[in-house]
Amino acid sequence: MKRTHHCNELRPAHIGQVVALSGWVHSRRDLGGLIFIDIRDREGRTQTVFDPSDLSKEIFERASGLRSESVISVTGKARQRPAGTNNPKIATGEVEVMATALEVLNQADVLPFPVDDPEVSSKVNEELRLQYRYLDLRRPEMARNFRLRSKVATATRVYFDEQGFLEVETPILFKSTPEGAREFLVPSRVHPGSFYALPQSPQQFKQILMVAGVERYFQLAKCFRDEDQRADRQLEFTQIDLEMSFIEREDIYNLVEGLLKRVWKTALNMDIPTPFKRISFEEALNRYGIDKPDTRFGMELADFTEEFRASTFKVFSGAIANGGVVKALNAKGLAGATQGQIETMTEYAKSFGAKGLAYIKVENGEWKSPIVKFFNDGEKGALTKKLGIEEGDLILFAADQWLTACEILGKIRLYSADVLKGQGKLSIPSDRFDFLWVVDFPLLSFDKEQNRWYSSHHPFTAPVAEDIPLLATDPKKVRGQHYDVVVNGMELGGGSIRIHQPDVQKTIFEQLLQIPPDTVKARFGYMLEAFRYGCPPHGGIALGFDRMIAILCGTPSIRDVIAFPKTAKGTDLMAESPTPVEPKQLRDLHIELKVGRKE
RNA sequence: GGGGGUGUAGCUCAAUUGGUUAGAGCGCUGCCCUGUCACGGCAGAGGUUACGGGUUCGAGCCCCGCCACUCCCGCCA
C-alpha cells in the first residue's frame, strides 16, 4: 500500500502514528542540513521533514535531488511541529511527517510552466495550458472546477431520479437532418456513400421516447455542432436534456426551477428564490433590446415613437413614417465617454444595419449633441421625463424597424454597462443571479434572403393553441410554446411544448417551412409515423451543462470546465487532432480526398 | 468568411518609440546553509524577438505576407 492517509488528513490526533503519504512534490525547501518536502495530492498538502540524523545518507541525498512534481511516497511518524513553526495557511499545518523512507515513484522533468504558484500559473498562455492539459488540471483552481462539475452532475441525476425520470442513452451515430446547425458526418464503411451524423441534440430520440411511453426522460447528453466557436461554445458539449409527457409549460418551469435550486444549493450553498420572473419576448426586446436580458442593472430602453412622429428631425420622423420606431437609452453617467468609445458604439450600431448612432451628452447643464437643435421643447421634455435625464448622462438613440432598433440599443446597453464597470460607476455583486423565463417567442421568423419562414426555435415546437388559426393567415403573429431560461444575460437553456399531432407537424414542415414532401418523408418520416401510433402530448428543455458549470465557477470560458477542450479552430493541442489518415482507411470508407495531404 | 488583440529566455513580463553587447523576477544548474513553508546567500547557463520577405547605414520596434492562440460579427433549426 502506497498510502495510509491523504495529504489533507493529518491532524494533531494522528501524532505518534506511522503514516505513508503519496503524491506530488509540491515544494522543496533544502536548508542543507535539513530538507522540507511538501507532498501534495488532490486533497491538500502535508509537510514532510528529512533529518540526516535519523536517516541513511542515501535517502537524504535522494530527497535533496527531488524535483518539483515528481511522484513520491514518504513513510514516517506524524508528529507535532516544534513550537512556533506551525503553518496556519494549510489545514495540516500543525503536524509534519518525520520521514524514514522515501520512494520515488516517478521522476519528473522540469515542467514547462509552474503549477504550484497560483499567481503565475493562472496567467500562463492558454495555448501552453491546453498543450499540457494534465499539468493545467493539477492546478487547484482547475481541480476545484472539476470537482464542482462532478458534484453538480450527481446532484442532477439524484434530482431527476427523485422526480421519477429515467436516464436513457441515445445514439451518437445518428442520421443527417440538415435543418439546424452544421453536422459532423461519419462515413459508413458498410454502406458506401452513406453517412451517419453526430447529433446536434437528442431532440428526435427524446420525442420518440415519449411515444415509447417513457414519460419522463433525462440525459447528460453529448451534443455536436460543427459551427465556429466562442468562449461559451465548443464543437462538442454537454446538455442536461429532458422530456416529459402529459404536461404543460408550467410543469417544465416548476421542474427546472427545482433543479436549479438544487444545483445552486449544492454548488454554492445558495438558496435561489423561485418561481423565476417571466418576461415575454416582446417585452424583453422593448425593455432590454435582447431576448436574454441581463436584469442586474437598469438602463432600460424607452420608446419615443409617438413623441417624434411629427418631429422636424427627419431621421426620426422618416424612420417612423417607414413603419419603424424611435428608441432611446440613458447610459447613466457616461457623458464623459471618449470620442473613441462613441466611435466604437457607432461602429457596433452600424454592424447591425444602423446608419449611425445619435447621442446627447449632458454636461455642465447643457445638452451637447449634433441633433439637439432639431428638438422642440415638448420633445426635450418627454426625453427628460421618460429617461430621467440628469447631469452626466449619455443618451443614445436608434431609429429603425422595431426589432433592429431594439437590438442595436440592446448591444449598446451591454457595452455601456461594461464601460461603466470599468470606470467603477457600476458594480454588480459576483454572487447575484437574476434568473428569468423568457416566453411567448414568435413561432416563425422570416428569412428575407431566402424569402421563406423558418422556425425560431425548432420545427417541433407547438404553437400557442389560440394562435393556431393565424398559421394560415398571419404566421408572424403566431406565438410558440417555447421558453428560455436566462441568468444574468446568459441563455442557460431553452425548450418547448412539442407538436404531438402528425397533421400539424406536417403542415409546419410542408406549408410553412416549405420543405418538399419527399424531403420531409426522408428526414422525418419515421417521426411523423410514430406520432400516428399513440403520441402523448409532451415537451421538454435542454440546459447547457458546461455553461452552467462555468457560471457556477465564475469563469467566462467553458474551456475552464471541460477537461479536454478544443481551441477556437477546433484543434486539440495536446493530442494534436484532427489529423490526416492513412490511404487504406479512406479506401475502406470509400472516400477520395480533393485536398492534398499536408506534410 | 470578416474585424480586433496577442506572440521577446522554460514561465510572467520589460526594452526610453528605429540606435551599440535584448534586460528583470521566478524557474533551471553548481556551491554554501539544521526549522523552512514565496526559505535564504553566492555564482552560472539560458534568446533564430512565432515564421518568411521588404524598407533602412542600422529593425524586437516600420511595411508586406504567413502561422498559432484569443475575443467579437456572420454562423449556432
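So that the names make sense, note that chain A is the first sequence line, chain B the second, and so on, each numbered from 1.
Residues A/Thr100 and A/Thr75 bring no donor and acceptor atom of their side chains to less than 3.5 Å of each other. No donor-acceptor contact under 3.5 angstrom links the side chains of A/Arg249 and A/His482, judged on distance only. With no hydrogens or angles considered, a side-chain donor-acceptor pair links A/Gln219 and A/Thr170 at under 3.5 Å. No side-chain donor-acceptor contact under 3.5 Å links A/Ser496 and A/Gln481.
Outside the 6.0 Å centre-distance limit, the rings of A/His500 and A/His538 are not counted as a close aromatic pair. You'll find the ring centres of A/Tyr196 and A/Phe174 outside the 6.0 Å limit. Aromatic rings of A/Phe564 and A/Tyr134 (six-membered ring for Trp) have centroids beyond the 6.0 Å cut-off, not under it.
B/C31 and B/C13: their C1' atoms are spaced 30 Å apart (whole Å). Nucleotides B/U17 and B/G60 have their C1' atoms positioned 12 Å apart, rounded to a whole Å. A gap of 44 Å separates the C1' atoms of B/A15 and B/C76, to the nearest Å. The P atoms of B/G18 and B/C63 are separated by 10 Å, rounded to the nearest whole Å. Taking atom C1' in both B/U8 and B/U49, the straight-line distance is 4 Å, to the nearest Å. B/G46 and B/G23 have their P atoms separated by 13 Å, with the value rounded to a whole Å. Of the P atoms belonging to B/A50 and B/C61, the separation is 8 Å, rounded to the nearest Å. When the C1' atom is used for both B/C26 and B/G35, the distance is 24 Å, rounded to whole Å.
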Could you check A/Gln239 against A/Ser201 for side chain to side chain donor-acceptor pair (under 3.5 Å), going step by step and ending with a plain yes or no?
-> CA-CA 8 Å; A/Gln239 285 188 341; A/Ser201 81; 4.9 Å; no
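Residues from residues 484-495 of chain A with heavy atoms under 4.0 angstrom of RNA chain B: there are none. Less than 4.0 Å separates RNA chain B from at least one heavy atom of each of the following residues of residues 76-87 of chain A: A/Arg79, A/Arg81, A/Pro82, A/Thr85, A/Asn86, A/Asn87.
Both distances falling under 3.5 Å, in either a Watson-Crick or a G-U wobble arrangement, occur for no nucleotide opposite B/U49. The pairing partner recorded for B/C42 is B/G30, the criterion being a Watson-Crick or G-U wobble arrangement whose two distances lie under 3.5 angstrom. Across all strands shown, B/U21 forms no Watson-Crick or G-U wobble pair with both distances under 3.5 Å. With a cut-off of 3.5 Å on both Watson-Crick or G-U wobble distances, the partner of B/G7 is given as B/C67.
Put simply, CG on A/Asp572 is 11 Å from P on B/C69, counting in whole angstrom units. With rounding to whole Å, A/Arg225 atom CZ is found 10 Å from B/C76 atom P. The CG atom of A/Asp30 sits 11 Å away from the P atom of B/C31 (whole-angstrom rounding). Distance, A/Asp51 CG to B/U34 P: 11 Å, rounded to whole Å. As a whole-Å value, the separation of A/Glu127 CD from B/C69 P is 6 Å. Atom-to-atom, CG of A/Asp117 to P of B/C28 comes out at 12 Å; the value is rounded to the nearest Å. To the nearest angstrom, C1' of B/U34 lies 7 Å from CG of A/Leu31. Atom CD of A/Gln131 and atom P of B/A50 are 18 Å apart (whole Å).
Counting non-hydrogen atoms of neighbouring residues, nucleotides and ligands closer than 6.0 angstrom, the CD atom of A/Glu43 exceeds 12 such neighbours.
Remark: A/Asp51 CG to A/Phe60 CZ distance equals 7.5 Å, nearest 0.5 Å.
Between A/His458 and A/Gly33, the one whose closest nucleotide on RNA chain B sits nearer the 5' end is A/Gly33. Summary of the strand contacts: A/Ser201 and A/Leu573 both lie near RNA chain B, and taking for each the nucleotide with the nearest heavy atom, the more 5' one is attributed to A/Leu573.
Residue pairs meeting the salt bridge (charged side-chain N to carboxylate O under 4.0 Å, His left out) criterion with at least one partner in residues 561-577 of chain A, sequence neighbours excluded, are A/Glu236-A/Lys566. The salt bridge (charged side-chain N to carboxylate O under 4.0 Å, His left out) pairs that include a residue from residues 62-76 of chain A are A/Arg40-A/Glu69, A/Glu58-A/Arg62, A/Glu69-A/Arg138, where partners are two or more places apart or lie in different chains.
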Between the protein and nucleotides 70-74 of chain B, which nitrogen or oxygen pairs come in under 3.5 angstrom?
unit_1	atom_1	unit_2	atom_2	d
B/U70	OP2	A/Ala568	N	2.7
B/U70	O3'	A/Arg559	NH2	3.2
B/C71	OP1	A/Arg559	NH1	3.2
B/C71	OP1	A/Arg559	NH2	2.7
B/C72	OP2	A/Ala231	N	3.4
B/C73	OP2	A/Arg230	NE	3.1
B/G74	N7	A/Arg230	NH2	2.9
B/G74	O6	A/Arg230	NH1	3.0
B/G74	O6	A/Arg230	NH2	3.2
B/G74	N1	A/Asp228	OD2	2.7
B/G74	N2	A/Asp228	OD2	3.3

Anything under 3.5 Å between a protein N or O and an N or O of nucleotides 10-14 of chain B, put it in a table, one pair a line.
unit_1	atom_1	unit_2	atom_2	d
B/G10	O2'	A/Pro112	O	2.6
B/U12	OP1	A/Asn125	N	2.7

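Residues A/Lys292 and A/Glu491 are not paired through a salt bridge, judged by the lack of any N-O separation under 4.0 Å between the basic side chain and the carboxylate. Classification of A/Lys521 and A/Asp518 as a salt-bridged pair fails, no side-chain N sitting under 4.0 Å from a carboxylate O.
Residue contacts for A/Thr571: at a heavy-atom cut-off of 4.0 Å it reaches the sugar-phosphate backbone alone, with no base atom in range. Across all strands shown, A/Gln204 has no heavy atoms under 4.0 Å from either base or sugar-phosphate atoms.
In this structure, A/Arg28 does not reach the B/G27 phosphate: none of its side-chain N or O atoms is under 4.0 Å from OP1 or OP2.
Between the A/Ser70 side chain and the A/Ala108 main chain, a donor and an acceptor come within less than 3.5 Å of each other.
The aromatic rings of A/Trp453 and A/Phe446 sit perpendicular to each other, their planes meeting at more than 60°, with 30° as the lower class boundary.
Glycosidic conformation of B/U12: anti, with the torsion beyond 90° of 0.
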